[in-house]
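Remarks on the structure that follows.
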Amino acid sequence: MADSFFDMVYRVVRRIPAGQVATYGQIARILGAPRAARTVGWALHSLPEGHDVPWHRVVNSRGTVSLDARGPGGAVQRALLEEEGVVFGEGRIDLKVYGWAGPDLAEQRALLGEAPGG
DNA sequence: ATAATGACTGGGG
DNA sequence: ACCCCAGCCATTA
């Protein structure tokens, strides 16, 4: 399978530029499933080993890491983001500043897998 | 086909 | 602004 929702999530996440972050809900919306935010998180949870997906650029709507912020996972995500220039204020990210604007309409269509012929 | 899981999200006190 | 409750959807066994 190469068109599963999970793979779609990976494609969108790969579109997130360094130094910016997106929310699970935002990715879900881009995929046309505004209520599938949980599934987006699960998709990242199901990430294989040899992946090249910048999963760390995905945070929750609160602007905080959904991983165990107190555990190694959260620390890793935060470290990766800080390496890209993302600043944490009070343990949170200002989505208004570092929030990804999202893909272009054309890009979104491509991510949705819609044919260019209509 | 059903039941269970999960890195979410929004509203009210 | 923060915490808790209920709804949501896709994948898995």
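These numbers were taken from a predicted model, which means no experiment stands behind them. First the proteins, then the strands, lettered A, B, ... as listed; each starts at 1.
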Neighbours of DNA chain B within residues 49-60 of chain A, by heavy-atom distance under 4.0 Å: A:W55, A:N60

Side chain proximity check, A:V13 to A:V9, heavy atoms < 4.5 angstrom: yes

Sugar-phosphate, base or nothing in reach of A:Y24, heavy atoms under 4.0 Å: base

Touch class at under 4.0 angstrom, heavy-atom based, for A:S66 against every strand present: sugar-phosphate

Distance, rounded to the nearest Å, where A:D68 contributes CG and B:dG6 contributes P: 12 Å

Short side-chain to backbone donor-acceptor contact, A:D94 and A:K96, under 3.5 Å: yes

Distance-minimising heavy-atom pair for A:L67 and A:G74: CB-N, 3.9 Å

Sequence-distant partners of A:R29, salt bridge (charged side-chain N to carboxylate O under 4.0 Å, His left out), two or more places apart: none

From B:dA7, B:dC8, C:dC9, nucleotide with atom closest to A:T39 side chain: C:dC9

Value in whole Å for how far the P atom of B:dA4 lies from CH2 of A:W42: 14 Å

Nearest-Å distance for atom pair NE2/C1', residues A:H45 and C:dA10: 14 Å

Minimum heavy-atom distance between A:E84 and A:R57, given as atom pair plus value: OE2-NH2, 2.8 Å

Of A:F5 and A:R38, the one whose closest DNA chain C nucleotide lies more 5': A:R38

5' precedence on DNA chain B between A:R29 and A:G41 (nearest-nucleotide basis): A:G41

Distance in angstrom units between A:L81 CG and B:dA7 P, rounded: 18 Å

Minimum-distance pair of heavy atoms, taken over all atoms of A:V58 and A:Q77: O-NE2, 2.7 Å

Whole-Å gap separating P (C:dA1) and CG (A:L95): 13 Å

Cation-pi check, A:R38 onto A:Y24 ring (under 6.0 Å, within 45° of axis): no

N/O donor-acceptor pair under 3.5 Å between A:Q26 side chain and A:W100 backbone: yes

A:N60 side chain to A:G63 backbone, donor-acceptor under 3.5 Å: yes

Atom pair distance, as rounded to whole Å: CG in A:D3 and C1' in C:dT11: 16 Å

Close N or O pairs between protein and nucleotides 11-13 of chain B (under 3.5 Å):
none

Side-chain N,O (A:S46) to OP1/OP2 (C:dT11) below 4.0 Å: no

Spacing of A:F6 atom CZ relative to B:dA7 atom C1', expressed in whole Å: 11 Å

